[in-house]
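What follows is a single structure, written as structure tokens, with notes after it.
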Amino acid sequence: MSQRRVEQTCGVLLPCRHKTTFSSLPSPFAFTSAQLVSLTLISPSRVRRTRTHAATTAAMEGAVLCAANHAPLTPITFLDRAALVYPDRPAIVASSSGLTRTWRETRDRCLRLTAALAALGVHRHHVVAVFAQNIPAMCELHFGIPMAGAVICTLNSRLDAAMASVLLRHSEAKLIFVDCALLDVAHDAIRRISQSGATPPVLVLISELLDDPSDAKLPSGRVDYEYEHLVGNAGSSPEFAVRWPADENEPIALNYTSGTTSRPKGVIYSHRGAYLNSLAAVLLNDMASTPVYLWTVPMFHCNGWCMAWGVAAQGGTNVCVRRVTAATIFDAVARHGVTHMGGAPTVLSMIVNATAEEQRPVARRVTVMTGGAPPPPKVLHRMEEQGFLVIHSYGLTETYGPATVCTWRPEWDALPAEERARIKSRQGVHHHGLEVDVKDPATMRSVPRDGKTMGEVMLRGNTVMSGYYKDGAATAEALAGGWFRSGDLAVRHEDGYVKVLDRSKDIIISGGENISTIEVEAALFSHPAVEEAAVVGRPDDYWGETPCAFVKLRPGAAAAAKAGVVEEELMAYCRARLPRYMAPRTVVVVEEGLPKTATGKVQKFELRARAKTMGTVPAAAAAKSKRSKL
């Protein structure tokens, strides 16, 4: 396998033009020959195309592949270009502290950081972890670590010590850069690693306060190095020899899934995939040169949807904030002229529910990319009114973040506002780096484009993960049949646009009927008293399970609501807008809000467990359900 890579296509073995270097990667990033074959499946529809390409290449006399016309793709090249073209433009801004660094300064600091990592013994393919919020150092580390040939592993900043220690052991991180605000958690995690008998990573403290002096943490306990000291004392010359990838398929990042449905898995990103997805993300965001990007997407999540590199590709400005609140968002937009931002629907909810004191005038339109659960049409409409253009996308950690986008068509501009919002709530079509389909998972056939037939969202292409770290079985299962299986259920409309209905684990099957929790949640969100809503199945002796809604009310509505009355009102409201079998049979008002991951996704497994402990629907409600089902 050192000279040829084979691709299995219905029993046909095809030679690859490029020498693979997977076999040269040190364990555990290496693949066995059997694993490599299993991971390079291509569909029967592409056999003829692949054969023709191979034959054409061989027949074109004089064609060569050499250093003059081929170089490994990697997003770390974006830094050099940004420093060349926009040397004096701001690259990083700390929104409240006033700290500003230009692209020239940022490149210099990243090179010094790279030299410091090499001096600390970091080698190619070593994992270097980062445990931090959206602070300026996070932007630099996305370049400095890969430039040292290492693999960046950004950990969820809301992890507790127990989970952080598990992921650090699993990743085998050699170093960990720790935000001072998270130092106590990091110390606890390292203590647990030491007690387990494993070697803990070297700890580098990042002392940036950013938003508030109250964030300051005096370094108590073990701190091996300090970030600014490393960068400032890395040598007199910043021109360190960058360790460029020898092969674009080498790993650049290790990202752990958010764990909304199961234990987190380590997703491997390649230099090639990160490069292509960064450019795709720029296009998805309609991002021209020199944008101003507000970091409301956690940079630990899919490397900030690859915008940690994408902003550099356009010579933009990274506006860093530690806390994401409505006041912070409006202040940054007004102060720095923000042009783009992103986030889960919870970020949109912050904006539309902002108080008069929190709001500030939006001088020019701000483009907001949102992912996760589809934003309710009412929220989309309110965002437009406040000067924010929402672009709805869909993706997973395994697809480097956003993989589809609801690309807008000019003819839709003339539609009524509610209809525009309904269209915009769809997940849309694939971006330039991959392709998407909705298939029957049993037959692997595409479902009809009728907007009714449900199938599983599947994706393939250049921006699908390389695999799950140390989990060949899960990798083979996820990529079986030559497609990545998302586990999301969707329909495809006549125009080819995809609409996700639910996670396969979230769909409610009531009396043989499939109920999309997303559709029920959209109905609840349209009620003026509802701020947050999530729907799960509750056991029902007659129907098997019925919809159970957990809602958080808006402050004014919560104060006026009477126990038992608002629940009945919401159920009646949904019955008037949905088929009766889809309307919730149970409504639970939660004052503290819904449980969420750090990326804003509702943790439905917690709500399912809570609904299960509630037992079956009471007999009176069940009897009412039996009458209303027909």
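Note that these values count all heavy atoms, side chains included, but never hydrogens, waters or copies made by symmetry. Just so it is clear, the structure is predicted and the values come from calculations on it, not from any experiment.
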I want to check something: taking the side chain as every heavy atom from C-beta on, are His432 and Leu279 in contact at a cut-off of under 4.5 Å? no
So CG of Leu434 and CG of Asn462: to nearest 0.5 Å the spacing works out to 8.0 Å
Smallest heavy-atom separation, Gly342 atom then Trp305 atom, equals CA-CZ3, 4.3 Å
Exercise. Please find out if less than 6.0 Å separates the ring center of Trp309 from that of Tyr269.
Key: no
Separation between CD (Glu105) and CG (Asp88), nearest 0.5 Å, reads 8.5 Å
If only atom types and distance count, is the side chain of Thr102 paired as donor or acceptor with the main-chain N or O of Pro90 below 3.5 Å? no
Margin query: The test is side-chain contact (heavy atoms from CB on, under 4.5 Å); show your working for Met138 and Phe177 and say whether it passes.
Written below: CA-CA 9 Å; Met138 264 288 237; Phe177 289 85; over 6 Å; no
Inset, instruction - Using modelled atom types only, decide if a donor and an acceptor are shared between the side chain of Glu532 and the backbone of Gly593 within a distance under 3.5 Å. - result: no
Rounding to 0.5 Å, atoms CD1 (Ile268) and SG (Cys153) come to a distance of 11.0 Å
request  = Please answer whether the main-chain N or O of Ala91 pairs with a side-chain N or O of Thr317 as donor and acceptor at a distance below 3.5 Å.
outcome  = no
Does either side chain, that of Glu226 or that of Ser207, offer a donor lying less than 3.5 Å from an acceptor on the other one? yes
Would you call Thr296 and Thr328 a side-chain contact if the rule is heavy atoms closer than 4.5 Å? no
| query | Between Glu248 and Leu73, is there a donor-acceptor pair closer than 3.5 Å when you use the side chain of the first and the backbone of the second? | reply | yes
Heavy atoms, side chains only, cut-off 4.5 Å: are Leu396 and Val267 in contact?
no
Sorted by chain and residue number, the salt bridge (charged side-chain N to carboxylate O under 4.0 Å, His left out) partners of Glu398 (sequence neighbours excluded) come out as none
Spell out, as yes or no, whether a donor-acceptor pair under 3.5 Å connects the side chain of Thr154 to the backbone of Val130. no
Residues Asp108, Arg112: salt bridge by 4.0 Å N-O rule | yes
Scanning both residues in full, the closest heavy-atom pair of Pro75 with Ile252 reads CG-CD1, 3.6 Å
Given side-chain contact (heavy atoms from CB on, under 4.5 Å), test Cys302 with Thr397 step by step and report yes or no.
-> CA-CA 6 Å; Cys302 305; Thr397 305; 4.0 Å; yes
For Pro201 and Asp224 the tightest heavy-atom approach is O-OD2, 4.4 Å
- Ring centers of Phe78, Tyr275 separated by less than 6.0 Å: yes
Look only at the side chain of His392 and the backbone of Arg426, and say whether a donor-acceptor pair between them is shorter than 3.5 Å. yes
One should read off an interatomic distance between Met341 CE and Met307 CE, to the nearest 0.5 angstrom, of 13.0 Å
Distance col, row Arg101:CZ vs Asn318:CG, nearest 0.5 angstrom, shows 11.5 Å
Tested for side-chain contact (heavy atoms from CB on, under 4.5 Å) against Cys306, the lone hit among Thr463, Asn277, Val282, Val311 is Asn277
How about Tyr293 and Gln314: does a side-chain donor come under 3.5 Å of a side-chain acceptor? no
### Minimum side-chain heavy-atom gap Arg107-Pro87 below 4.5 Å
no
Ignoring hydrogens and angles, tell me if any N or O in the side chain of Ser157 forms a donor-acceptor pair with the backbone of Gln133 under 3.5 Å.
-> no
>> Take a 6.0 Å sphere around CZ of Arg335 and say whether it holds more than 12 heavy atoms from other residues, nucleotides or ligands.
In response: yes
Here the pair of heavy atoms bringing Leu205 nearest to Cys180 is CD1-CA, 3.8 Å
Next on the checklist: Counting C-beta onward and ignoring hydrogens, is there a side-chain heavy-atom pair between Thr367 and His340 closer than 4.5 Å?
Outcome noted: yes
Would you call Glu419 and Arg422 a salt bridge, using N to O less than 4.0 angstrom?
yes
The salt bridge (charged side-chain N to carboxylate O under 4.0 Å, His left out) partners of Asp160 (sequence neighbours excluded) come to none
Inset, instruction - Apply side-chain contact (heavy atoms from CB on, under 4.5 Å) to the pair Ile329 and Val324, showing each step before the final yes or no. - result: CA-CA 7 Å; Ile329 292 170; Val324 178; 4.1 Å; yes
Discussion item. Quick check against the 3.5 Å criterion: does Asn233 have a side-chain atom that pairs as donor or acceptor with the backbone of His229?
Written reply: yes
What one should report as the nearest heavy-atom pair of Val352 and Gln386 is CA-OE1, 3.3 Å
Heavy-atom closest pair (Pro146 atom, Leu141 atom, distance to 0.1 Å) is CD-O, 3.7 Å
- [ ] Taking the side chain as every heavy atom from C-beta outward, state whether Val127 and Glu172 have any pair of such atoms under 4.5 Å apart.
- [x] no
Next on the checklist: Quick one: does any side-chain atom of Asn134 pair with a main-chain N or O of Val297 as donor and acceptor, under 3.5 Å?
Outcome noted: yes
CE of Met299 to NE2 of His142, rounded to nearest 0.5 Å, is 7.5 Å
| message | A side-chain contact here means heavy atoms from C-beta on lying under 4.5 Å apart; do Asn255 and Tyr400 qualify? | response | no
Task: Note: Glu250-Arg243 ion pair, threshold 4.0 Å (strictly below) - done: no
query: Heavy-atom count around Arg81 CZ within 6.0 Å, excluding the residue itself: above 12?
result: no
With a 4.5 Å limit on heavy-atom distance, are the side chains of Met163 and Asn156 in contact? no
Before you tell me yes or no, could you show the steps for Lys424 and Leu389 under side-chain contact (heavy atoms from CB on, under 4.5 Å), namely the whole-Å CA-CA distance, both residues' side-chain angles and the distance that decides it to 0.1 Å?
CA-CA 11 Å; Lys424 192 169 284 190; Leu389 173 66; 3.6 Å; yes
